[in-house]
Amino acid sequence: MADNWTGASVASSFKHKIFYFLIKTGGRYCAYLLLYFVVASYAIVPKFRRKAYPYIEKRFGRPNFFSKFWHCYKLFLSFGKTLVDKAVFGILGKIEILSSQQDRDLCTDLYNQGKGLIFITAHCGAWQSAMAAFDFIKADKYVLYKRVKEDVDKQVYEHGNRKQNIKFIDPTGPYGGTVEMLSVLQKKSIVCVMGDRTFGSQKNEISVNFLGHSINVPGTIYRIASITQTPIVIVFFPTKSNGKFDSMILDNFVVEDNGAKITNYKEYAEKFVNALEQFTKQYPYQFFNMYDMWEGNDKKTED
Amino acid sequence: MIPTSLEDVKKVLKQNLELEGIDIDSTTGDTPLFEGLGLDSLDAIELIVVLKKNYDISIEDMKQGKEVFQTFETLRKHIEENRKK
């Protein structure tokens with residue numbers, strides 16, 4: 001499947017600056033107040049709602065027009081709040097992580113096995129803030145991330161109040177970032193990847209069932225983990241309330257070396273997708289893939 | 001230094017990489033491994049595994065990987081100069 005998603009911001013740079021100004025002068029709730037109106041203005045535009053429909057239809061069945069509109073509004077509002085919370089974190093430094101000691105102990109124990117650690121998460125909940133704040137293990141942290149030119153939303157550290165504590169590996173760089181990931185894991189670093197979006201060659205994708213229909217997810221990380229024997233933690237970061245988020249570890253495992261063929265790692269990709277499905281059941285309005293991630297796959301299956 | 005021919009390298013790659021649709025026999029030393037041969041990011045990982053398993057050679061970082069994986073000849077030369085078995 002071709003990469004049919006885009007990392008471009010919907011709102012302009014100017015609109016983002018208005019929110020940053022409101023946060024600086026009036027705080028989080030002042031920005032939330034404007035957000036309700038901004039979200040409504042997006043939700044009434046069919047072209048924006050259509051971006052969310054593929055997920056809404058898979059998650060909520062085929063709701064009527066009004067309930068679909070309502071689902072869209074709630075989804076957009078939740079996403080907007082996540083972006084405001086991220087900016088509040090960057091500008092005012094205010095964030096609260098409710099992750100349990102049990103989660104922290106698990107990650108620490110896995111990391112202490114001496115083979116680095118891989119976090120696989122997805123575009124849901126407060127993933128962007130979490131990348132910067134979930135840093136209780138003292139190790140170099142890398143995130144596989146491609147910043148597109150049209151993405152004008154600032155990252156937490158770009159507001160200038162926090163030191164950048166993560167390094168980025170470009171998935172569109174040389175060898176899709178794979179050599180770099182392998183190299184840093186061999187140096188016992190932590191690597192964080194998004195397990196729900198594909199990049200580049202279709203050869204590296206695995207077809208799995210998500211919300212009753214087939215999607216493709218990236219498979220390379222499972223092959224890398226099988227080589228380095230680095231433990232994988234499937235983790236999501238649901239927002240619990242304004243500015244507070246939790247960690248939700250739904251699985252952890254070590255990948256068996258099944259050779260070079262990427263489809264041999266399907267069982268591990270399924271573990272991720274099952275966890276993601278569990279997340280969407282618990283937090284239906286915190287799944288932020290606003291594109292048709294199923295496009296082409298069902299047709300392919302029928303063929 | 002253990003002498004290593006281009007044919008030896010090709011043989012090892014054929015045995016260890018998924019090279020469906022790739023005619024490795026028609027390549028020369030100057031053939032670029034990735035742009036020319038059509039290898040991709042996953043093949044890059046497998047190349048690293050092959051180097052470790054067959055020759056006990058480690059690729060330490062991205063910079064070294066880029067240098068070694070330029071062409072068949074750069075790969076062959078690196079193997080010849082660094083192999084421990």
Side-chain angles (χ1 to χ4, degrees), chain A residues 3 116 118 140 142 144 146 167-189 191 193 197-206 216-230 255-266 269, chain B residues 9-24 27 31-79 82-85:
Chain A
D3 304 335
I118 296 171
D140 288 334
Y142 293 82
L144 189 70
K146 170 69 179 171
K167 295 167 192 164
F168 295 108
I169 296 174
D170 183 355
T172 59
Y175 317 121
T178 54
V179 175
E180 206 172 347
M181 280 195 281
L182 198 60
S183 155
V184 300
L185 284 172
Q186 282 164 346
K187 291 168 188 155
K188 299 175 189 173
S189 298
V191 169
V193 301
R197 285 191 192 171
T198 54
F199 287 100
S201 171
Q202 290 179 33
K203 195 176 142 191
N204 305 334
E205 297 174 5
I206 299 175
N216 282 5
V217 293
T220 309
I221 192 63
Y222 305 105
R223 175 58 180 142
I224 291 175
S226 78
I227 295 165
T228 57
Q229 287 297 289
T230 304
V255 179
E256 204 178 313
D257 189 346
N258 292 334
K261 207 173 165 76
I262 209 70
T263 48
N264 291 349
Y265 298 90
K266 184 168 176 151
Chain B
V9 175
K10 285 182 184 178
K11 193 176 161 194
V12 168
L13 294 190
K14 271 206 285 194
Q15 283 168 350
N16 292 279
L17 297 186
E18 294 272 323
L19 295 171
E20 273 174 50
I22 296 173
D23 182 14
I24 200 166
T27 57
T31 306
L33 278 177
F34 286 83
E35 293 82 4
L37 202 55
L39 300 185
D40 64 9
S41 57
L42 197 60
D43 296 315
I45 309 174
E46 299 309 328
L47 267 175
I48 292 173
V49 174
V50 167
L51 290 181
K52 184 71 187 166
K53 192 174 83 178
N54 291 273
Y55 306 110
D56 198 15
I57 294 173
S58 298
I59 297 292
E60 298 298 334
D61 53 37
M62 186 66 206
K63 192 172 165 247
Q64 191 187 24
K66 277 174 87 171
E67 284 166 10
V68 175
F69 297 153
Q70 279 180 47
T71 62
F72 267 103
E73 179 54 24
T74 57
L75 177 65
R76 184 204 65 77
K77 199 172 164 207
H78 186 76
I79 292 170
N82 296 281
R83 65 188 289 183
K84 297 172 193 84
K85 60 182 185 184

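Numbers restart at 1 for each chain; the letters A, B, ... are given by sequence-line order, proteins then strands.
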- prompt: Based on non-hydrogen pairs under 4.5 Å, which of A/N204, A/L182, A/T220, A/V184 is most in contact with chain B?
  reply: A/N204
message: Measuring only between side-chain heavy atoms, which start at C-beta, is A/K203 closer than 4.5 Å to B/D43?
response: yes
Chain A contacts, top residue of B/M62, B/E60, B/Q64, B/K63 (heavy-atom pairs, under 4.5 Å):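 It is B/M62.
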- prompt: Below 4.0 angstrom, N of the basic side chain to O of the carboxylate: do A/K187 and B/D61 qualify?
  reply: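 Result for this pair is no, no salt bridge flagged.
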- prompt: Is the side chain of A/T178 donor-acceptor paired with the backbone N or O of B/S41 at a distance under 3.5 Å, no angle test?
  reply: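 Pair found, side chain donor or acceptor close to backbone of B/S41.
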Toward chain A, the part of B/D40 with a non-hydrogen atom under 4.5 Å: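 Interface part for B/D40: side chain.
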message: According to salt bridge (Lys or Arg N to Asp or Glu O under 4.0 Å), does anything in residues 168-182 of chain A pair up with another residue at least two apart or in another chain? List the pairs.
response: A/K146-A/D170
statement: Heavy-atom nearest pair, B/I59 first then A/Q186, reads O-OE1, 4.3 Å
field: Minimum heavy-atom distance between B/K66 and A/Y175, given as atom pair plus value
entry: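 Closest approach of B/K66 to A/Y175, heavy atoms only: CA-OH, 3.6 Å.
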Side-chain donor-acceptor contacts of residues 48-57 of chain B below 3.5 Å, not counting sequence neighbours, with atom names and distances?
| unit_1 | atom_1 | unit_2 | atom_2 | d |
| --- | --- | --- | --- | --- |
| B/K52 | NZ | B/D56 | OD1 | 3.1 |
| B/K52 | NZ | B/S58 | OG | 3.3 |
| B/K53 | NZ | B/N16 | OD1 | 3.0 |
| B/N54 | ND2 | B/V50 | O | 3.0 |

task: Check the surroundings of atom NZ in B/K77: do more than 12 heavy atoms from other residues, nucleotides or ligands lie under 6.0 Å from it?
output: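 Not more than 12 within 6.0 Å, no.
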query: Would you find more than 12 non-hydrogen atoms of other residues, nucleotides or ligands less than 6.0 Å from B/E67 atom CD?
result: yes
